[in-house]
Number of protein chains: 2
Amino acid sequence: MNPYQFKSQENLSLRQRVFADIRDAIVRGHLKPGDKLRELDISKQMNVSRGPLREALRDLEALGLVVSAPYRETAVADVRKEEVVGLLIPVRLQLELFVLKQTRGKWDEAFFAALEEIVAEMKRAAADNDLFALIEADIRFHEQVLSLDDSTHTQQIWLGIVNRLRLHFIKNTGAFGDLGRVPAEHAALLSALRDESDERIEALWTRHIRDEDCLLCFDEKTD
Amino acid sequence: MNPYQFKSQENLSLRQRVFADIRDAIVRGHLKPGDKLRELDISKQMNVSRGPLREALRDLEALGLVVSAPYRETAVADVRKEEVVGLLIPVRLQLELFVLKQTRGKWDEAFFAALEEIVAEMKRAAADNDLFALIEADIRFHEQVLSLDDSTHTQQIWLGIVNRLRLHFIKNTGAFGDLGRVPAEHAALLSALRDESDERIEALWTRHIRDEDCLLCFDEKTD
DNA sequence: CGATGATCGATTGTTGACAATCTACCAATT
DNA sequence: AATTGGTAGATTGTCAACAATCGATCATCG
């Protein structure tokens, strides 16, 4: 056998690359809610025919990042803060707690090391004041946890909310007062996973995810 | 103004009709998990070109009803009972409780009447021993509740799980011992919505949704 | 005999052209 | 002036042909 592990060569179809590009443009904020996505324009810009592009738009629609109606142009969707805070984040919390409970005892050193590495990335991003990288690392931290469970449904539900969370985070950029708090919080979570009891982990985890939206609600309350 | 309210004329694209047909074939059990969906076969059978069909397949994939990989044929997805019971149903419970809390006080007579009508349908279906109709009525009951909230996210998350619930229910058909229990349970829920306190409603609702999977786990434990 | 390479049929991926529909605008009618 | 009807341009919906890739099969070679 091969002693070196090659990364799986991801065979991305045109449709998937197009999808990723548009998604990134949306969650990075280059496309604002309500912006029209005209198929011909985009297909010309990307040098791609409309077939794969249309399929990519349908994928984005399924994730709630765009909205469309027959014969009307597709537009970037909006995400309202109350819905994210009241619904998406609770569902997400439920999802992560489910996986943590489900996989208790399966946490090995490789898992902890991966989280450690992500926390290090967070620190770098916070030091650089790179908000986007920070958010991506944050998401990757939680995805690493979710990946403990290989159930299709877990991934599917996560996919259904993660991009709207991205959109939400980016939209409420200004609220992140202290970027350094993010790596610190996640480091605390990691150390809890290593040493603390299940109940304590659950309590910490719940508070962490609640705090994340408090960070974001914050800007509404300041003078 | 017109005194008569016309139903909104639904303008369904070919893609949407194709989507609905395949979805029905899957949740009705005519297509079993693992069955291959060859684009050319289906497009010929439906007398439709592959473009809209492919988009419909991508929609089905987003809902977790089919799985596919590049250059490999799409196949009907399977749904494992543990995942439904452990994850989909808890998430669904959370979703419905959220909407109920959110819309408390907005429940009018028209809403109750709609639920009443659905319960009547359930009774008919149970009397006819028509399992499929019963399941559809059950789903419609809960969709009626969810429709109290007009948030996009609520619908989106529901869409992400409802078809897999359908698949699950159909798959575990044999478990439904007493069809009459279903309308009775929902009638109880309805009367609780009318008269009981919020706490009592929440408790009843939680028990109801838990019971639904108990009904389905049932077949594993008999004899 | 086992591993590698080539070939073929089947299936999906992609494209560009054509058809159907929508929106906006303006004229006709009352 | 308000409503209706019609037209034009833009945009999406649909199609059928072509290209790329996959899996199975068999030949080749060590």
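Naming convention: chains lettered A, B, ... in sequence-line order (proteins, then strands); numbering from 1 in each chain. Only heavy atoms go into these numbers, but all of them, side chains included; no hydrogens, no water, no symmetry mates. What you are looking at is a predicted structure, and each value in this text was computed from that prediction instead of being measured.
In this entry the distance linking CD of B/E39 with P of D/dC22 reads 15 Å, nearest Å. As rounded to whole Å, 13 Å separates atom C1' of C/dG9 from atom CG of B/L40. The nearest whole Å value for the distance from the NZ atom in A/K36 to the P atom in D/dA10 is 17 Å. For the pair B/L14 CG and C/dA19 C1', the computed distance is 13 Å after rounding to whole Å. In this structure, B/K44 places its NZ atom 15 Å from C1' of D/dC15, rounding to the nearest Å. A straight line from OH of B/Y71 to P of C/dT12 spans 12 Å, rounded to a whole angstrom. Atom CD in A/E73 sits roughly 18 Å away from atom P in D/dG9 (whole-Å rounding).
In this structure, A/F112 and A/W107 have perpendicular ring planes: the angle between them is above 60°, well past the 30° mark.
Looking at B/E55, its side chain never comes within 3.5 Å of a backbone N or O of B/P52 through a donor-acceptor pair. In terms of modelled atom types and a separation under 3.5 Å, the side chain of B/R72 and the main chain of B/S68 share no donor-acceptor contact.
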Take A/R15 and A/D59 through the salt bridge (Lys or Arg N to Asp or Glu O under 4.0 Å) test and state the conclusion after the steps. CA-CA 9 Å; A/R15 161 190 142 228; A/D59 290 348; 3.0 Å; yes

Take B/M122 and B/D138 through the test side chain to side chain contact (heavy atoms under 4.5 Å, CB included) and record every step on the way to the result. CA-CA 7 Å; B/M122 281 181 187; B/D138 189 334; 4.2 Å; yes

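Within residues 48-57 of chain B, the residues that place at least one heavy atom under 4.0 Å from DNA chain D are, in residue-number order, B/V48, B/S49, B/R50, B/P52.
Rounded to the nearest 0.5 Å, atoms CG (B/N163) and CD1 (B/I139) are 7.5 Å apart. Taking CD1 of B/I209 as the start and CD of B/Q94 as the end, the distance is 11.0 Å to the nearest 0.5 Å.
Of the N and O atoms on the side chains of A/Q16 and A/S13, at least one donor lies less than 3.5 Å from an acceptor on the other residue.
Stretches of at least 3 consecutive Watson-Crick or G-U wobble pairs, with each checked distance under 3.5 Å, appear in DNA chain D as C:1-30 with D:1-30.
With DNA chain C read from its 5' end, the first of the two nearest nucleotides for B/R38 and A/R15 is the one closest to B/R38. Residue whose closest nucleotide on DNA chain C sits further toward the 5' end, between A/R72 and B/L37: B/L37.
Applying side chain to side chain contact (heavy atoms under 4.5 Å, CB included) to B/E96 and the options B/T154, B/L146, B/D149 leaves one that passes, B/L146.
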